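To keep things clear, I will list the structure first and then write my remarks on it.
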Amino acid sequence: MFWYWESVVYAGIIWLAVFILVEPGRLKELWPVGFISSAVFFTVHLNLLSTGLSSFPNGFLTVFGVPFFHLVWVFGAGILLMNYMQRDFTRRLMVLIIFTLLGFCLDLFSVSVGGHIHSSSFDPINSLGLIFFRLIVFVWFSDGFFAERIYGKEKMIY
């Protein structure tokens with residue numbers, strides 16, 4: 001039964017972390033990146049669902065097969081990630097690796113409780129790679145649209 005509420009629990013944990021770790025002014029600056037985060041996640045999972053590589057069986061409040069609260073927690077996770085993002089390549093890579101590993105742990109837990117099912121041809125290594133590249137795409141779009149909000153005017157490179 002936990003799998004049914006899993007996305008709601010994730011949303012609660014992530015948003016609690018956002019409200020504790022992100023200053024209110026910074027949250028106001030970063031909220032638009034949450035939409036990008038949810039859009040990238042939603043697009044990737046629609047493709048995984050349509051190809052039969054993964055599914056959310058009997059998820060709570062699904063939107064085209066993706067649980068709505070997954071989109072809610074991913075929105076917050078995107079804000080959290082971009083709060084720690086840096087222009088420096090090494091630091092940027094470290095933030096991406098940390099968030100990839102956190103996302104991978106959530107994915108493994110989701111699969112273990114039955115909230116998210118992968119096909120036999122989609123193993124954990126595929127999932128890890130997909131999470132990493134999905135985060136790269138998210139950061140790329142976020143930088144492209146909202147770099148000034150993320151890094152501030154004084155840190156902009158022209």
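Small disclaimer: the values here were computed from a predicted structure and weren't measured. Throughout, numbering of the chain's residues begins at 1 and tracks the sequence.
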With distance as the sole test, does [X] use its side chain to make a donor-acceptor pair with the main-chain N or O of [Y] at under 3.5 Å?
| X | Y | result |
| --- | --- | --- |
| Arg149 | Glu29 | yes |
| Arg26 | Ile150 | yes |
| Ser37 | Val33 | no |
| Tyr10 | Leu106 | yes |
| Thr100 | Ile131 | no |
| Ser112 | Phe109 | yes |
| Ser119 | Ser54 | no |

(request) Verify the neighbour count for atom CZ of Phe141: are there more than 12 heavy atoms of other residues, nucleotides or ligands below 6.0 Å? (result)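 Counting neighbours around CZ of Phe141, 12 or fewer heavy atoms of other residues, nucleotides or ligands fall under 6.0 Å, so no.
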
Is any side-chain heavy atom of [X] less than 4.5 Å from a side-chain heavy atom of [Y]?
| X | Y | value |
| --- | --- | --- |
| Val9 | Trp73 | no |
| Phe41 | Leu71 | yes |
| Tyr84 | Leu21 | yes |
| Leu130 | Leu48 | yes |

(request) Decide side chain to side chain contact (heavy atoms under 4.5 Å, CB included) for Ile36 and Phe145; before the verdict, give the C-alpha distance in whole Å, the side-chain angles of both, and the deciding distance to 0.1 Å. (result) CA-CA 9 Å; Ile36 295 172; Phe145 289 114; 4.0 Å; yes

(message) If you take the centroid of each ring, where Trp contributes its six-membered ring, are Phe19 and Trp15 closer together than 6.0 Å?
(response)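 Yes, the ring of Trp15 comes within the 6.0 Å limit of the ring of Phe19, centre to centre.
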
(message) Please confirm whether the ring centroid of Phe35 lies under 6.0 Å from the ring centroid of Phe75.
(response)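 Aromatic pair counts; centres sit under 6.0 Å.
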
Kindly compute the distance separating [atom1] ([X]) from [atom2] ([Y]), expressed to the nearest 0.5 Å.
| X | Y | atom1 | atom2 | result |
| --- | --- | --- | --- | --- |
| Ile97 | Leu93 | CD1 | CG | 4.0 Å |
| Glu148 | Asp143 | CD | CG | 13.0 Å |
| Phe68 | Ser38 | CZ | OG | 8.5 Å |
| His45 | His70 | NE2 | NE2 | 7.0 Å |
| Asp107 | Leu101 | CG | CG | 12.5 Å |

(request) Check each of Leu102, Val139, Ile98 against Leu81 using the side-chain contact (heavy atoms from CB on, under 4.5 Å) test, and report the only one that passes. (result)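 It is Val139; the other options fail the test.
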
(message) Between Phe104 and Phe132, is the side chain to side chain contact (heavy atoms under 4.5 Å, CB included) condition met? List the steps.
(response) CA-CA 9 Å; Phe104 185 59; Phe132 182 69; over 6 Å; no

(request) Using the side chain to side chain contact (heavy atoms under 4.5 Å, CB included) rule, take Val95 and Arg92 through it: C-alpha gap first, then chi angles, then the decisive distance, then the call. (result) CA-CA 5 Å; Val95 170; Arg92 176 180 291 256; 6.0 Å; no

(request) For Pro32 and Phe146, work out which heavy atoms get closest and say how close. (result)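 Scanning both residues, the minimum pair turns out to be CB-CZ, 3.4 Å.
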
When clusters are formed by joining ILVMFWY residues with side-chain heavy atoms under 4.5 Å apart, either directly or through shared neighbours, do [X] and [Y] land in the same one?
| X | Y | value |
| --- | --- | --- |
| Leu135 | Leu46 | yes |
| Met94 | Phe138 | no |
| Phe133 | Ile125 | no |
| Leu128 | Ile117 | no |
| Val111 | Leu49 | no |

(message) Taking side chain to side chain donor-acceptor pair (under 3.5 Å) as the definition, give me every residue that meets it alongside Ser120, ordered by chain and number, with sequence neighbours left out.
(response)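 Residues passing side chain to side chain donor-acceptor pair (under 3.5 Å) with Ser120: none at all.
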
(request) Please determine, by modelled atom types, if Asp123 and His118 share a side-chain donor-acceptor pair under 3.5 angstrom. (result)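 No - no donor-acceptor pair under 3.5 Å links their side chains.
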
(request) Describe, in one word, how the ring planes of Phe56 and His116 are oriented to each other, choosing from parallel (under 30°), tilted (30 to 60°) and perpendicular (over 60°). (result)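 If you compare the ring of Phe56 with that of His116, the planes turn out parallel.
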
(message) With side chain to side chain contact (heavy atoms under 4.5 Å, CB included) as the criterion, how do Tyr151 and Met82 come out once you've worked through the C-alpha distance, each side chain's angles and the decisive distance to 0.1 Å?
(response) CA-CA 9 Å; Tyr151 306 111; Met82 293 313 289; 4.2 Å; yes

